[in-house]
Every structure is written in structure tokens, then in C-alpha cells.
Protein chains: 2
Amino acid sequence: MVMPAPAVAGPGGAAPGSVGDVRRSNLALVLGAIAEFPPGTCPSRAQIAGATGLTKASVSSLVLDLLAAGIIREVGLNPQGRGRPGVGLELNPGRAVMGMEVNVDYISAAAVDLAGNVVIREVRERDNRNSADAPVLAALATLAGRVRSTAGEQGVEVLGGGLAVPGLVEPAAGRVLIAPNLGWVDADLDLDALLPETPLGVALFNEANAAALAELRHRPDGASDFLFVSGEVGVGGGIVIGSELFTGPEGHAGEVGHIVVDPDGGRCSCGGTGCLETIAGQDAIFAAAGLALEGASRSAGMSALRQALEAGETKALSAVRRAGRALGIALASTARVVNIHSVVLGGHFAVLEPWLRQPLLESLQKYAPGKYTPEQVTVSAVGESGALLGAAGSVIRSLVEAPHRLHA
Amino acid sequence: MVMPAPAVAGPGGAAPGSVGDVRRSNLALVLGAIAEFPPGTCPSRAQIAGATGLTKASVSSLVLDLLAAGIIREVGLNPQGRGRPGVGLELNPGRAVMGMEVNVDYISAAAVDLAGNVVIREVRERDNRNSADAPVLAALATLAGRVRSTAGEQGVEVLGGGLAVPGLVEPAAGRVLIAPNLGWVDADLDLDALLPETPLGVALFNEANAAALAELRHRPDGASDFLFVSGEVGVGGGIVIGSELFTGPEGHAGEVGHIVVDPDGGRCSCGGTGCLETIAGQDAIFAAAGLALEGASRSAGMSALRQALEAGETKALSAVRRAGRALGIALASTARVVNIHSVVLGGHFAVLEPWLRQPLLESLQKYAPGKYTPEQVTVSAVGESGALLGAAGSVIRSLVEAPHRLHA
DNA sequence: AGCTTTAGTTCATTGCCTGAACTATATGAG
DNA sequence: CTCATATAGTTCAGGCAATGAACTAAAGCT
């Protein structure tokens with residue numbers, strides 16, 4: 001199909017559709033077919049024609065463009081019993097996208113080729129708490145630059161990138177409205193400085209949203225509608241509907257950490273009252289578990305908590321139970337509001353799942369009976385690196401959906 | 001928009017784009033431009049060309065198709081000072097769509113012409129509580145048939161219709177999953193029997209969703225992102241994002257009535273606990289206000305409540321205060337989950353607004369500080385008939401967005 | 001009456017998809 | 001070894017849609 005035009009043109013103005021749009025749309029269709037073929041298999045032009053409904057002639061012509069743009073490449077032959085073997089096509093592994101992440105205690109960058117393979121990856125520990133945005137971005141830029149040049153030596157060209165940040169972002173503007181744990185407020189990031197002179201530029205993501213996208217690609221069950229909840233210092237979330245991230249009108253949707261789960265509860269860092277985060281965030285759990293972890297790093301805190309849980313310490317167990325119950329209340333509400341009844345636990349929720357699961361299920365049963373089956377409560381399939389991979393994957397996907405952006 | 005191919009074609013299959021799609025898209029673009037022009041003004045072909053970016057030649061050709069399909073018509077001349085006057089174009093008032101509604105104590109049908117004017121409207125009181133779906137639909141079919149033939153006598157042809165029902169629906173399947181107040185469960189409605197042999201058929205809507213769409217068309221402030229909350233026997237809701245209804249993956253999104261606002265609260269008819277509906281639904285308010293209204297009709301109940309409030313009765317006042325607080329908790333959560341911070345009060349919330357407003361604002365301030373300004377809490381601009389108008393309007397809009405469905 | 005201005009139509013051109021014919025390259029039967 | 005068959009991919013005429021330029025139509029102004 002085609003494309004354009006926000007539906008309507010008031011006296012304002014809108015985009016007309018012309019024949020060229022058909023080509024753009026079909027380029028994306030063909031490229032999408034190549035990308036979606038079972039990994040390992042490299043479809044031939046004929047198979048693509050079959051999958052897309054386009055004629056062989058059209059596919060040939062479209063494939064020619066994609067080859068010229070360097071987005072795909074031909075790879076060996078593809079015998080099928082009788083007849084002339086097809087020429088395999090695959091996403092060009094010589095082109096990559098940079099996933100980048102700023103988190104509380106590290107920065108990282110990874111080159112991910114168009115097929116989704118991590119080519120190079122570097123992590124640098126760095127205490128970013130209350131560090132202004134400029135120096136952090138500068139450090140990340142040098143890290144990314146190093147990864148980029150190493151990739152270049154291996155013959156891999158970086159086309160663009162995606163940056164994940166733990167905070168409320170305005171993706172379009174490249175602005176971080178607020179990132180409590182970094183201490184950033186209304187930070188306008190100079191994203192282009194991270195990867196100078198790339199055709200695709202750098203996109204900005206909320207960390208949990210990016211991780212949700214990574215989850216989407218790596219889910220063994222192939223789920224296309226779910227809520228990803230990420231337990232971190234706070235509680236983040238990403239909503240995936242129809243294999244698309246649901247961002248809401250301004251790009252801030254999915255902030256499940258601030259669903260009210262206890263109207264009589266305590267003050268939240270957001271200024272609200274009784275938010276999920278005040279019960280199920282890391283600091284809240286540590287405090288309720290009676291663990292003194294003021295200066296400790298997050299990972300140290302988590303392993304201390306785990307030990308306490310494995311030792312069966314009552315306060316730790318009840319703190320996690322309480323978090324599970326609160327999470328259930330929040331998820332009961334999201335099931336109704338966005339009609340999603342499948343949840344993926346990430347961050348510390350994934351680590352705590354053995355202790356969290358039962359109270360969570362009971363809570364869901366109490367507050368939203370019949371909405372969630374136990375199988376719909378799952379644990380993240382991607383680990384720590386979810387945000388990184390998701391940011392890169394999302395940029396790759398946007399390229400696959402609009403390949404004409406590369407000269408073609 | 002136009003649309004497209006869920007991005008990709010796995011080995012499954014997908015829709016290729018051909019040149020014909022461009023025409024379909026541009027037909028919608030032109031028709032949309034006509035529909036969106038300030039009411040009263042009938043744009044000329046040249047103005048449409050200016051607004052859409054299409055050339056005059058293309059617009060002429062497209063307009064010809066729309067005229068042939070009877071979707072628009074030429075109307076008088078349109079002088080602009082100097083030069084040849086343009087020929088005005090408007091949506092054909094001789095074509096209409098039927099809005100229909102089944103509610104607890106009435107059924108109604110209205111013919112709404114393509115420009116949005118109500119041509120004829122009929123309401124029939126009928127106690128539908130615990131009446132099976134078939135007889136209700138049969139009664140509605142005769143009502144709709146009468147309206148249709150009256151319209152026919154006036155030279156207005158009915159192209160299709162939309163039915164709004166107070167319950168959880170699967171719009172695509174024409175099924176009502178559950179409508180507690182009608183007593184329907186898994187009711188497969190024979191929608192086509194309501195309006196036999198129309199080119200567009202009959203679409204199914206949740207009542208609050210339809211009302212939200214009506215709100216969208218009639219908003220004085222032209223808001224395109226808001227949450228419509230409708231206080232009825234239960235509490236319904238409709239989420240509008242970017243002037244589109246947000247339905248979620250299965251079409252049930254926006255069920256704000258079952259957001260958990262009191263984890264220690266009472267049982268809800270949905271089986272859950274502490275749902276908004278158990279505090280802010282009509283029955284809940286009546287009970288808390290100490291009004292005995294078992295057998296009374298809803299409207300009688302509401303006027304009794306109003307009287308009590310105007311008389312300053314403490315129990316009534318505190319019941320409404322409590323509802324306002326609970327609503328605020330729910331809206332605090334939706335602001336975070338779907339990133340919407342503008343709410344339109346409908347149903348009994350609109351009636352009770354004078355008493356509801358203050359506690360609601362205070363609650364929003366407490367649970368989601370800074371998210372809502374007072375101006376973002378507004379009262380419905382369409383009254384009782386919202387669902388009816390919204391159902392019709394949505395069908396009209398879907399026609400405007402895909403005019404090729406009418407032979408053309 | 002004639003000039004100017006704007007509306008709308010006609011027509012040759014271009015771009016893209018399509019379907020049919022054709023070439024290319026494999027397997028398997030005789 | 002050769003030929004039949006089957007499948008992959010290319011070439012080419014045809015059709016449809018938008019475009020831009022030229023043209024016709026219908027007003028107001030002088």
C-alpha cells in the first residue's frame with residue numbers, strides 16, 4: 001500500500017501521493033520481506049515475489065535499487081530441488097547501526113549490523129549520577145567514535161544510531177525532560193555529535209521503551225502485544241502494540257512506574273503519591289527489606305538482596321511480596337486502559353522473579369480476574385543490554401521501513 | 001493516513017502497492033480536504049489543489065470520480081473578487097449514515113448526512129435490562145428501517161451505519177463480549193439485519209468510545225488528544241490520540257472504569273477489587289449518598305441526586321467528593337500510561353461537574369502534580385446523544401478516508 | 001471593448017507496476 | 001550424453017496516475 005498524508009488537509013497543507021510513493025512503499029515491502037525471513041535463510045527474488053504479492057519483474061527492479069544502496073547483498077545460490085537455483089538475498093552485514101546507552105553507572109556503545117548481530121561492543125564504567133549531560137555525552141561520543149572506527153577497520157560502515165537514556169524524553173526534539181537518576185532536567189542533547197556525518201543521524205529513546213523493542217525482536221513466543229516493565233532505580237515501562245512501540249501523543253507513554261497503587265502511600269520523586277515506584281523501585285525494596293545500601297552500587301545492592309531472599313530473611317521476602325502485589329495492581333489497570341494482558345518482567349523484576357511471581361499472580365487475580373494467564377507473565381529474554389540492542393534495532397527497523405532514505 | 005502493510009511480509013503474505021493505491025489515497029486526500037474546510041465554505045477545485053499540494057489537473061480528475069460516486073456535489077459559484085469564480089464542492093447532503101444506540105432504557109436511531117447534520121432522529125423508550133440481544137436488535141431494526149424510509153422520502157440515501165452499545169465489544173467480529181447492564185454475554189449481533197443492503201454495512205462500537213469520537217468532532221477547543229470519561233451505570237471511557245480512537249490490540253482499550261483506585265476497596269461487578277466504578281459509578285454514588293433508588297430509572301435517580309446536592313445534603317456531597325477523588329487517582333494513572341493529560345467529563349460526570357470539579361482537581365494535584373492544568377478538565381460538548389452521533393460520525397469518517405469503497 | 005486575473009481542462013511526458021514472452025540454469029529420465 | 005521439465009530471473013509492451021505547460025472559460029476592472 002501506500003502512504004501519506006495525515007488523512008486530511010485543512011486549509012493548512014498536506015502531502016499528496018504520487019507514483020513515486022508506490023515505489024518507496026514497495027521498497028520497504030521487499031526489504032521487510034527479506035528482513036523477516038527466518039534467520040539463516042536468504043530468500044530469492046522469486047520467494048520474495050511470492051511472499052509480497054509483487055510480480056517477479058517488480059521485485060527484480062526493486063532489489064536492484066536495494067543492492068545499489070548497499071542495504072542488501074547477494075549471497076551464494078539457493079538450490080530447490082529441480083530448476084534453476086535462486087540467488088539468496090540478505091541484509092548487508094557490512095552496514096551497521098550504533099546502539100548507545102547512558103545509565104547511572106556506565107555508558108556503552110555497540111555496533112549492530114543490519115541483520116541484528118552485534119559486531120563490536122564496549123562498556124565503560126562511569127558514575128553519571130549528578131553529572132551534567134554535556135560531559136557524559138562527550139565521553140559517550142569518544143566511546144562511540146572508537147567503536148565506529150574499529151568497525152570501519154572490519155569493513156563495517158555505521159549508518160546511524162540510537163541512544164537510550166533512563167528518563168522522560170522527547171524523541172523528536174532530542175530532549176531529555178527529566179532523568180531523575182542522572183540529575184538531568186530539560187537537557188537538549190547534541191545527538192549528532194555522537195556520530196558525525198552519518199546518513200541516518202541519531203535517535204533518542206527512553207531506556208525502558210528501547211528495552212521493550214529489544215524484547216520484541218528476541219521474544220521466543222513472538223508476542224507482538226505486551227507491556228515491558230523494567231525495575232531499575234525507578235520503574236520504567238514500554239508498551240508494545242502490534243509490534244510497534246506505543247508512545248502516546250508526546251512520546252511519554254508507558255510510564256507505569258507512576259501508576260497510583262496506594263492512594264494513602266508515600267511521596268514519590270515525581271511529586272505524586274503512592275506511585276508504583278515508591279513500593280517496587282529498587283530503593284524502596286532495599287529500604288523495606290531493611291538493607292542499608294546508601295553508598296552501594298546497584299548491582300551490589302541487588303546481590304545483597306538476593307542473598308537475603310535465598311537465606312529466607314523475612315523482611316526481604318515481605319518487601320518483595322509487597323512489590324509484587326503493587327505491580328499486580330498497576331498491571332490490572334494497564335490491562336484495562338491499553339487492553340494489554342501480557343507482561344514481560346525486566347531489570348530487577350527479572351532477577352527477583354522467583355520471589356515476585358506468586359504475589360504478582362495473586363494480585364492480578366484479585367484486581368483483574370481472568371485478564372492474565374500465568375503464561376502471560378514472562379521474564380525478559382534480553383538481559384542488561386536490552387536498551388542498547390533495542391535502540392539500535394529500532395533504528396534498523398525504521399530504515400527497513402523507509403529504505404529510500406539511503407540515496408537509492 | 002493511509003496505510004500500509006503491517007510493515008512487513010513474512011513468508012505469510014502481504015499487500016503490494018500499485019499505482020491504483022495512489023489514486024485511492026489521493027481520493028481520500030481530496031475528500032478529506034473538502035470535509036475539513038470550515039463549515040459553510042465550499043472549496044473550489046483550485047482551493048483544494050492549494051490545500052493538498054496536488055495539481056489542479058489531478059484534483060479535477062479526482063473530483064470527477066467523487067462526483068460520479070455521489071459522495072460530493074457541486075454547489076453554486078464561489079466568487080473571489082477578480083477572476084473566474086470557482087465551483088463550490090461539498091459533501092453530498094443527499095447521502096447519510098445511520099447512527100444507532102442501544103442503551104439500558106431506550107433504543108435510538110438517527111440519519112446523519114455526510115456533512116454531519118442530523119436529518120431525522122427517533123428515540124424509543126424500552127427497558128433493555130436483561131432483555132436478550134435478539135429482540136432488542138429486532139426492535140432497533142424496525143426503528144432504523146422507519147428512519148431509513150423517512151429519509152428516503154426526503155431524497156436522502158442511507159449508505160451504512162454504526163451501532164453503539166454499552167459494553168465490551170469486538171468491533172471487527174460484531175460481537176458484544178459482555179454488557180453487564182443489558183445482561184448480554186458473548187452476543188453475536190446480526191448487524192447487517194439492521195440496515196439490509198447498504199454499501200457500507202453496520203459497524204459496532206463501544207458506547208463511550210463512540211461518544212469520545214463525537215466529542216472529537218464537536219470540541220470547541222479542537223483538542224485532538226484526550227480521554228473521555230463517561231459516567232453511566234458503570235464508568236466507560238474512550239481514548240483519543242491524534243484525532244484517532246485508540247482501541248488497543250483487541251479493541252477494548254479505555255476501560256477506565258476498572259482502574260484500581262482503592263486496593264482495599266470493595267468487589268466490582270467485573271470480579272476485580274477497588275475499581276473506579278465501585279466508587280464513581282452511578283449506583284455507587286447513589287448508595288453512598290444514601291439515596292434509595294432500587295427501582296428508579298437512571299434519569300430519575302440523577303435528578304434526585306442533583307436536588308440533594310443543591311440542598312447541600314452532607315452525604316450526597318461527600319459521595320460526590322469521594323467519586324471526584326477516585327476519578328483523580330484514575331486519571332493520574334492514565335496520564336502516565338497513555339501520556340494524555342486532558343479529560344472530557346461525560347455522562348453523569350458532566351451533570352455533577354460543579355460538585356465534582358474541585359475534589360477532582362485536588363486529587364490530580366496530589367497524584368499527578370503538574371500533569372493537568374484546570375483548563376484540561378472540561379465538560380462534554382455533546383449531550384446524551386454523543387454515542388449516537390459518534391457512531392455515525394465514525395462511519396462517515398471511515399468513508400471519507402476510503403472513498404473508493406463506493407464504486408467510484 | 002479590452003486587459004487582467006483566476007478557474008478549470010486538455011495533452012504530452014514520466015514513472016511504476018503488470019503480465020507475457022523469453023533467457024538462464026538447475027535436476028532427472030532415457 | 002541428451003533432452004524434457006521445472007524454476008529463477010530479465011526484457012518489453014501496455015496501462016494507469018500524477019505532472020506541468022498550454023489552453024479555454026468566466027469573471028472584474030478600466
Side-chain angles (χ1 to χ4, degrees), chain A residues 1-5 9 14-30 33-34 41-67 72 74-89 403-404 408, chain B residues 2 5 14-30 33-34 41-67 72 74-89 403-404 408:
Chain A
M1 297 258 177
V2 203
M3 36 48 263
S18 93
V19 286
D21 295 324
V22 175
R23 187 140 190 102
R24 279 189 273 286
S25 162
N26 284 338
L27 274 173
L29 188 64
V30 167
I34 296 172
T41 53
C42 297
S44 66
R45 292 166 174 78
Q47 287 174 298
I48 295 168
T52 58
L54 292 161
T55 60
K56 290 189 297 174
S58 302
V59 172
S60 267
S61 158
L62 292 159
V63 160
L64 222 60
D65 276 14
L66 294 172
L67 285 169
I72 62 173
E74 296 188 325
V75 51
L77 290 193
N78 207 341
Q80 11 240 122
R82 276 182 292 285
R84 169 176 167 180
V87 180
L89 297 169
H404 58 90
Chain B
V2 188
S18 95
V19 287
D21 294 324
V22 175
R23 186 133 191 110
R24 280 190 271 287
S25 162
N26 284 338
L27 275 173
L29 188 64
V30 167
I34 297 172
T41 53
C42 298
S44 66
R45 290 166 175 78
Q47 287 175 296
I48 295 168
T52 58
L54 290 161
T55 62
K56 290 190 298 176
S58 303
V59 172
S60 267
S61 158
L62 291 159
V63 160
L64 221 61
D65 276 15
L66 294 172
L67 285 169
I72 61 172
E74 294 188 327
V75 51
L77 290 193
N78 206 343
Q80 10 241 120
R82 278 181 291 287
R84 170 177 168 179
V87 180
L89 297 169
H404 58 89

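Convention: sequence-line order gives letters A, B, ...; per-chain numbering from 1. The structure presented is a predicted model; accordingly, all values stated were derived computationally and were not measured.
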Just how far, in rounded Å, is C1' of C:dG15 from NE2 of A:H404?
16 Å

Nearest-Å distance, CZ (B:R45) to C1' (C:dT6)?
14 Å

For C:dT18 and A:T55 - does any side-chain N or O of the residue sit under 4.0 Å from the phosphate oxygens OP1/OP2?
yes

Apply side chain to side chain contact (heavy atoms under 4.5 Å, CB included) to A:V87 and list each qualifying residue two or more places apart in sequence or on a separate chain.
A:R45, A:E74, A:L77

Name all residues meeting the side chain to side chain contact (heavy atoms under 4.5 Å, CB included) criterion together with A:R84; count only those two or more places apart in sequence or in a different chain, and write none if there are none.
none

Between C:dG19, D:dA8, D:dA18, which nucleotide has the shortest distance from any of its atoms to the side chain of B:S58?
D:dA18

Considering just the side-chain nitrogens and oxygens of B:S44, establish if one lies under 4.0 Å of OP1 or OP2 belonging to C:dG8.
yes

Sub-3.5 Å pairs of nitrogen or oxygen atoms, protein against nucleotides 10-14 of chain C:
none

Do nucleotides 24-30 of chain D as a string where each nucleotide becomes B, S or -: B if the base has a protein heavy atom under 4.0 Å, S if just the sugar-phosphate does, - if no protein is that close.
-BBBS--

Does anything in residues 47-61 of chain B form a salt bridge (Lys or Arg N to Asp or Glu O under 4.0 Å)? List the pairs, not counting sequence neighbours.
none

Atom CZ of A:R23 and atom P of D:dC16 are separated, to the nearest Å, by 20 Å

Sorted by chain and number, sequence neighbours left out, side chain to side chain contact (heavy atoms under 4.5 Å, CB included) with A:A57 holds for A:T55

How would you label the contact of B:V59 with the nucleic acid (heavy atoms, under 4.0 Å): base, sugar-phosphate, or nothing?
nothing

Specify the separation, in whole Å, of atom CG of A:D21 and atom P of C:dC16.
10 Å

